[in-house]
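One structure is given here, and the rest of the page talks about it.
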Amino acid sequence: MESKFTPSLFEGRIYEFWEKKGLFTAQIDKKKKPFSIILPPPNANGSLHLGHAMFTYEDILIRFHKMMGYETLWLLGLDHAGFETQYVFEKHLKKLGKSRFDYKREELFQMILDYVNENKKNIKGQLRRLGFALDWSREKFTMDPAIVKIVHGTFKKLFEKGLVYRANRLINYCTYCGTSLSDLEAENVDREGLLYFINFPIKTGGTIQIATTRPETILGDVAVMVNPKDKRYQSLIGKTVVLPVSKREVPIIADEYVDMKFGTGAVKVTPNHDFNDFEIAKKHNLSYPPIINFAGRIQNTNSPYDGLKVTSAREKILLDLKELGLFVKEDKHQMVIKTCYKCSRVLEPLPKEQWFIKIKPLADAAKKLIKEKKTVIFPKRFEKQLIRILDNFIDWNISRQVVWGIRIPAYYCKNFKFPYVPQGKQISNFKLNQNNGWFVSAEKPEKCLICGACDFVQDEDTFDTWFSSAQWPFATLQTESKEFSDYFYPTSVMETGHDIMRAWVARMMMIGDFATGKQPFNTVFLHGMVRDGKGQKMSKSKGNVIDPILLMDKYGTDALRAALIFGTKEGGDVSLSEEKVKGMRNFANKIWNVGRFIELNSSVILNSFQDLQKIPKQVRNDKEAQEIIKQLQKEAKELKKRYMINMKKYRFSQALNDLHEFIWHRLADYYVEQLKDELKNGNMSALDTVKSVYLENIKMLHPFMPYVTEAVGQVFYGKETSLLQIGL
RNA sequence: GGACCUGUAGCUCAGUUGGCUAGAGCGUUUCAUUGACAUUGAAAAGGUCACAGGUUCAAGUCCUGUCAGGUCCACCA
């Protein structure tokens with residue numbers, strides 16, 4: 001054994017050794033209890049970051065359970081990450097002086113697919129680098145035909161149960177990225193904006209002053225609204241206002257919704273470009289066509305404003321209002337703006353027909369899983385949060401106008417006219433009138449399922465990526481044999497960051513329960529975020545992002561893994577500094593050297609057996625030494641007991657801290673030092689005890705630091721043996 | 001505005017049903033060391049556990065309030 005542990009000399013070889021022995025490949029073994037984890041699928045477009053390194057928790061769980069005699073499956077897959085990937089790819093196109101509009105749908109799709117396939121190799125290599133015990137024989141991808149088929153099937157089932165509907169609603173639309181976003185993808189940004197005060201002329205004389213942040217939407221107004229209790233305006237209710245600039249006449253209406261204290265207490269109503277106004281207008285039966293299109297330009301106004309971008313239309317309108325003498329003033333105003341989480345541009349609320357999932361019944365079922373303890377949440381404090389999330393979930397817009405995704409298997413009948421009287425058998429299942437001529441079919445149908453004759457058209461849109469992600473636990477397993485799927489589903493643990501509880505965990509529970517009638521996982525274990533050495537959030541703009549690959553190159557995988565776990569609270573954030581990783585590298589070396597010391601002394605003894613005359617005498621085979629040996633055995637036994645409790649209660653950090661403390665400061669610094677003379681002089685009982693305690697320790701440590709423990713394990717157990725086989 | 005979390009050594013953090021002189025890693029100081037390891041060892045300094053009350057034989061730990069920081073959600077034109 002070398003005097004130092006050099007990770008690079010072992011890591012590649014050992015990982016290959018594990019793979020070759022098939023230690024990561026799951027089998028159906030009815031004699032064993034199953035233990036399964038589905039890896040949260042990394043985006044196929046990127047490379048590894050520290051968030052992925054946190055999946056070390058899953059590796060710990062897998063290795064621990066394998067060593068405890070479970071049949072384990074850690075299933076990996078990659079996510080096509082629809083909108084995100086297309087965004088990244090479009091940036092790449094831009095560098096080449098191209099845009100998505102230069103290609104046909106199929107071409108663009110193929111180009112992105114090639115790009116993604118290249119990236120997949122990269123990220124897979126990095127997952128191996130982390131030492132993860134993933135079952136490489138069952139790799140999945142969200143765009144695999146078998147997965148797509150299941151995703152389509154789920155959509156069809158939701159449609160047939162009336163849990164998916166098509167509706168014309170306001171959606172958050174990014175006019176730059178060209179797609180709608182769900183409420184979860186819209187980022188709220190605090191900004192100082194301007195609140196404009198404008199006089200609206202009343203037809204019968206006089207004016208009413210309103211306040212607005214978006215004067216350009218005057219072009220699409222349908223009313224001016226006041227609070228019915230507002231004494232200032234009561235006499236004006238029912239009168240007619242002549243909209244400035246557009247000259248259209250609209251009524252003054254009353255609704256409790258208006259806050260008398262804000263602005264002037266009078267507000268204009270623009271149904272198609274504001275979420276609240278949309279609801280109000282519907283309530284009051286007022287409508288007007290949208291005056292902003294999906295390119296973010298003014299339309300339908302028959303005015304010189306048509307074709308202008310929203311921002312320039314606003315400038316022009318303000319100038320015109322000033323000229324008309326209707327502009328009063330502008331005040332600074334702190335406001336919240338919804339922006340695109342990818343490109344950071346302001347989102348435009350626009351009306352669009354989209355597919356929505358009715359969440360309420362699904363959320364109730366998911367809540368039931370928690371209440372009935374079919375799914376247990378660790379750490380416990382996140383349970384409350386998850387229930388709150390489920391309570392407040394609004395209907396989910398799953399349509400995306402991006403090419404890179406799973407195409408929605410919905411078709412429109414060209415002959416459909418409302419109301420529709422179904423004729424023939426095959427259509428009786430569809431609630432045709434509610435769905436305005438749309439039907440859903442998992443496979444592309446031969447002929448129209450509604451009229452049986454027409455040249456139906458397929459929806460151009462693709463699913464929100466999270467719609468397929470929400471199905472990941474059962475969709476991945478269902479592409480395997482039924483026996484295999486039944487053996488490992490429901491999965492044992494879902495381990496992921498608490499930041500995606502809403503976007504992912506909640507949705508998996510809802511859709512998983514709906515599709516399979518069972519919880520997708522028995523336990524949820526949530527980890528925190530990785531912060532920098534000062535506890536600051538890592539971000540590109542701050543320049544404090546740490547690359548896990550560099551850390552592994554420098555200090556080894558074990559050091560990085562241990563640094564992420566050591567000294568943290570479960571579910572809490574972890575502050576990671578290079579010094580901490582270095583400290584754990586030193587720990588790996590300490591482990592190695594304790595082994596080296598034992599090995600050196602064992603061979604001294606073995607050699608001396610060959611010449612019986614030279615067997616070293618015991619220097620201190622007295623009560624004192626025996627006492628120390630006994631004490632060591634006792635302490636080691638207590639450690640193992642605490643370890644088992646901690647591991648079963650998901651207190652991994654505590655387990656690692658205990659092992660660190662024991663191996664370094666008790667075993668190495670104290671016991672080995674106390675027994676040094678005995679060990680060097682052939683006291684077999686001292687050597688046996690130290691050796692067995694040490695081997696027990698490296699087995700316990702193996703889930704955390706697999707490489708150094710396996711490297712040293714092979715010195716004692718032989719080159720063909722893995723600690724994973726020896727077990728705990 | 002609502003919910004949740006955090007405030008313990010110079011820094012980053014543990015402290016598991018309340019219980020011996022409050023701990024770790026890194027950093028600092030002193031000393032040691034040519035045979036497991038300098039990626040080392042021995043020792044030391046350093047904390048009114050944010051603040052104020054309360055419960056208790058006993059509070060870093062439980063309760064109330066205050067202050068400070070953070071996260072998520074909602075949101076008024």
Side-chain angles (χ1 to χ4, degrees), chain A residues 1-6 183-184 188 190 193 195-198 210-215 217 221 224-225 257-270 273-277 280 333-336 338 379 381-382 384-385 387-389 391-394 498-499 501-502 528-529 531-537 555-556 559 562-563 566-601 604 642 645-646 649-651 653-654 656-658 660-661 664-665 668-670 672-673 676 679-680:
Chain A
M1 286 173 87
E2 303 293 320
S3 68
K4 282 179 189 171
F5 174 65
T6 311
D183 54 313
L184 302 187
N188 295 320
D190 260 309
L195 184 62
Y196 304 95
F197 292 78
I198 298 160
I210 61 95
T212 180
T213 55
R214 298 199 63 183
T217 58
D221 281 351
V224 167
M225 182 165 66
Y257 164 78
V258 180
D259 180 352
M260 292 185 271
K261 290 189 204 103
F262 189 88
T264 61
V267 56
K268 59 189 218 54
V269 180
T270 321
H273 307 291
D274 179 281
F275 284 92
N276 292 310
D277 290 7
I280 299 262
H333 173 56
Q334 207 57 40
M335 55 201 281
V336 178
K338 283 188 188 221
R381 67 189 154 94
F382 287 117
K384 237 189 271 175
Q385 211 169 316
I387 287 177
R388 239 178 77 84
I389 285 171
D391 280 336
N392 297 325
F393 229 106
I394 61 169
H498 64 67
D499 56 327
M501 258 196 287
R502 175 180 299 264
M529 305 295 106
R531 294 167 169 272
D532 75 3
K534 288 175 185 155
Q536 299 291 308
K537 210 174 192 170
Y555 303 108
F566 192 86
T568 62
K569 184 159 62 179
E570 274 63 47
D573 293 347
V574 50
S575 296
L576 189 75
S577 60
E578 184 157 342
E579 285 68 36
K580 192 175 181 189
V581 181
K582 205 168 163 181
M584 290 302 125
R585 186 271 317 259
N586 295 352
F587 179 45
N589 192 56
K590 177 58 87 174
I591 293 159
W592 174 262
N593 268 290
V594 175
R596 179 164 183 255
F597 181 70
I598 294 169
E599 198 265 342
L600 282 174
N601 287 300
V604 165
R642 276 207 311 280
I645 292 170
N646 284 326
K649 290 192 171 177
Y650 297 87
R651 295 202 295 241
S653 185
Q654 192 57 53
L656 178 60
N657 281 296
D658 280 0
H660 180 275
E661 163 70 15
W664 201 323
H665 302 300
D669 290 349
Y670 180 75
V672 169
E673 288 302 323
K676 209 158 201 169
L679 294 170
K680 285 187 174 180

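Below, chains carry the letters A, B, ... as their sequence lines are ordered, and counting in each starts from 1. Keep in mind that the numbers below use all heavy atoms, side chains included, and drop hydrogens, waters and symmetry copies.
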> With A:F5, which residues qualify under ring-ring contact (aromatic ring centres under 6.0 Å, His included), at least two apart?
Replying inline: A:F10, A:W592

> Residues two or more places apart in sequence or in another chain: which of them pass salt bridge (charged side-chain N to carboxylate O under 4.0 Å, His left out) with A:K580?
Replying inline: none

> If you look at every strand shown and take non-hydrogen atoms under 4.0 Å, does A:S577 touch a base, only sugar-phosphate, or nothing?
Replying inline: nothing

>> Heavy-atom nearest nucleotide on RNA chain B for A:R651 versus A:F587: which residue maps closer to 5'?
In response: A:R651

> Residues in side chain to side chain donor-acceptor pair (under 3.5 Å) with A:N586, at least two apart?
Replying inline: none

>> Among residues at least two apart in sequence or on other chains, which ones pass salt bridge (charged side-chain N to carboxylate O under 4.0 Å, His left out) with A:D277?
In response: none

>> For A:F275, give me all partners under ring-ring contact (aromatic ring centres under 6.0 Å, His included), at least two apart in sequence or on another chain.
In response: none

>> Would you measure the distance from the P atom in B:A9 across to the matching atom in B:U61 and give it in whole Å?
In response: 15 Å

> What interatomic distance, in whole Å, is found between C1' of B:G54 and the corresponding atom of B:U12?
Replying inline: 33 Å

>> Run the side-chain contact (heavy atoms from CB on, under 4.5 Å) test against A:Q385 and tell me which residues pass, sequence neighbours left out.
In response: A:F382, A:M501

>> Taking salt bridge (charged side-chain N to carboxylate O under 4.0 Å, His left out) as the definition, give me every residue that meets it alongside A:D391, ordered by chain and number, with sequence neighbours left out.
In response: A:K367

> Between B:A36, B:U39, B:G25, which one does the side chain of A:N589 approach most closely?
Replying inline: B:U39

Identify all pairs in which a protein N or O lies below 3.5 Å from an N or O of nucleotides 9-14 of chain B, and state each distance.
residue, atom, partner, partner atom, Å
B:U12, O3', A:S575, OG, 2.9
B:U12, O2', A:S575, OG, 3.4
B:C13, OP1, A:S575, OG, 2.8
B:C13, O2', A:G567, O, 2.3

> What residues form a salt bridge (charged side-chain N to carboxylate O under 4.0 Å, His left out) with A:K676, not counting sequence neighbours?
Replying inline: A:E673

>> Roughly how many Å apart are B:U64 and B:A24, using the P atom of each and rounding to a whole number?
In response: 33 Å

> How is A:H273 classified with respect to the nucleic acid when contacts are heavy atoms under 4.0 Å: base, sugar-phosphate, or nothing?
Replying inline: nothing

>> Within the 4.0 Å limit for protein heavy atoms, which parts of nucleotides 72-77 of chain B are touched? Write it as a string from 5' to 3', B for base, S for sugar-phosphate only, - for none.
In response: -SSBBB

>> Please determine whether a side-chain nitrogen or oxygen atom of A:H665 lies at a distance below 4.0 Å from atom OP1 or OP2 of B:G25.
In response: yes

> Is A:N586 near enough to B:U40 that one of its side-chain N or O atoms lies under 4.0 angstrom from OP1 or OP2?
Replying inline: yes

> Starting at the 5' end of RNA chain B, what dot-bracket string do you get if Watson-Crick and G-U pairs under 3.5 Å are bracketed, crossing pairs use [ ], other-strand pairs use | and unpaired bases use dots?
Replying inline: (((((((..((((.....[...)))).(((((.......))))).....(((((..]....))))))))))))....

> For A:E673, which contact category applies under a 4.0 Å heavy-atom criterion: base, sugar-phosphate, or nothing?
Replying inline: base

> For A:D669, which residues count as a side-chain contact (heavy atoms from CB on, under 4.5 Å) partner, sequence neighbours excluded?
Replying inline: A:K590, A:W664, A:H665

> Out of B:G25, B:C37, B:U16, which nucleotide sits closest to the side chain of A:N646?
Replying inline: B:U16

